[in-house]
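In what follows, a structure is listed as structure tokens, so that the remarks can point back to it.
Positions are given from 1, in the same order as the sequence printed here. For ligands, and for the atoms within them, numbers begin at 1 and follow the listed sequence.
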Amino acid sequence: MPYEIDETHDPKLESWVESANDPATDFPIQNLPLCDFTGTIGDQQDRKLAVRIGEKLFLLDKALEAGLFPSLPSDLDGTFWAGFTGNRDVYSIYELESGVRKELRRRLSELLGTTCDDLRGNPELIDRVLIDAAAADFYWPPSAFDYTDFYASVYHATNVGSMFRPDNPLLPNYKWIPVGYHGRASSVVPSGTPVRRPTGQLSPAEEGGAPGFGPCKMLDYELELGVVVGRGNELGQPIPIGEAEDHILGMCLLNDWSARDMQKWEYVPLGPFLAKNFATTVSPYIVTMEALAPFRSPAMVRPDGDPKPLPHLFDERDQAHGGIDITLEVFLASKQMRDKKMDPIRLSKGTFKDMYWTIAQMLTHHSSNGCNMQPGDLLGSGTISGPTREARGCLLELTWDGDPFANPPKLVPGTERTPIKLPTGEERKFIADGDEVIIRGYCEREGFRRIGFGECRGIIEPAIG
Ligand code: MN
């Protein structure tokens, strides 16, 4: 299980890579996230798997080739491994068992720390395995094969349900199954990729009327975390809840861009479709489950009267450690704000620790019918919202005046909205062309080094036509 704290989490550890010791960095030696990038290495363009440390990228294939990991399996390398379907690439490292992953992390920490000379004492080798992060000109999304999006925040589900069904916000299945839908991997893009405003059928202005067809008028973001699958399971062989976390490689930031006027029209009876699959943006770094160990917390305590999860979704260790305290913030900068060199404004701040379902429960549920998960599969958590207005994870909730958690609940049908005011005097109920949405995430806990996820950003371009 990746919950245990070991010497790699010691807050006193420092690296000889000086930029990793900057108190403001997201990437100190206690983090060591994986990333897949294309960049100029030596005098040629190449695609590589690397570990981010401070302002540098540590090239795993070069380091393995140089024999810096003598205790790892000898067939392991940092090059592509052709997957089951052969249509995308993932790396052999994704498939490691958790014990071997721990060993990889321990050795990385040693090589980049200040007490070992195997790398630090060899300038020629340093030149081969360490490059400037700025030399990476494109990051690949961590998703390889498939993408599924869940709905694991009960606060989000209740807010959104209240808009569409004021009398019946949570459907009866919500507290029994981690609700999800199959998204689309082909449109998962890395941070920084421009996103085109989608065109589609828009919900009729009045009930019973004809839908419009044109550019989405209610474009939204959804603040989410992505879970990247490590080892997969055979078709027909469910992953037991007690083993689920051994199949998870790590996590990234995720923005599930959403066209609300398309979603409202299409979502019954089969769930979201074109309202969601035009783009999903992810941050390029996979923060490993081992790096997240110090920030674990108990799973959310269910309110009195809620059902206990069915046995196949219940595990004592998951209940004790299934929460993860990741602080998440969303910022927006309009084109005018960027032109005037204004800082982005913060729209919301929340935490991942109060999700109704744990990531182990989501993965176990996904495979409970025998569905085979594959290395590099991406699971979205669902919009991360909390009980307060500040912790609402999308504009659909933020500009809505209702509050189902007030006493008594204050429910307003979803049409009336209070806009968010920008420092330029502009107002937003939903996202305008030229707006940039930026998600940041980090973990902090007394007695441990702060680690971060980097950024997940995207600018909206006007619709075609
Ligand atoms: Mn979503």
* Short N-O contact, R450 and D26, less than 4.0 angstrom -> yes
* To do: For the Mn ion (ligand 1), check which protein N, O or S atoms are under 2.8 Å away and list them.
  => D149 OD2, E222 OE1, E224 OE2, D256 OD2
* Determine which pairs satisfy salt bridge (Lys or Arg N to Asp or Glu O under 4.0 Å) with at least one residue from residues 163-175, sequence neighbours left out, and list them in order. => K175-D306
* Pairs touching residues 289-302 that satisfy salt bridge (Lys or Arg N to Asp or Glu O under 4.0 Å), sequence neighbours left out -> R101-E290, E245-R296
* To do: Name all residues meeting the salt bridge (Lys or Arg N to Asp or Glu O under 4.0 Å) criterion together with R231; count only those two or more places apart in sequence or in a different chain, and write none if there are none.
  => none
* Where the side chain of D220 meets the backbone of L396, is there a donor-acceptor pair that is under 3.5 Å apart? -> yes
* Asked: With a 6.0 Å cut-off on ring centres, are Y139 and Y285 close enough?
  -> yes
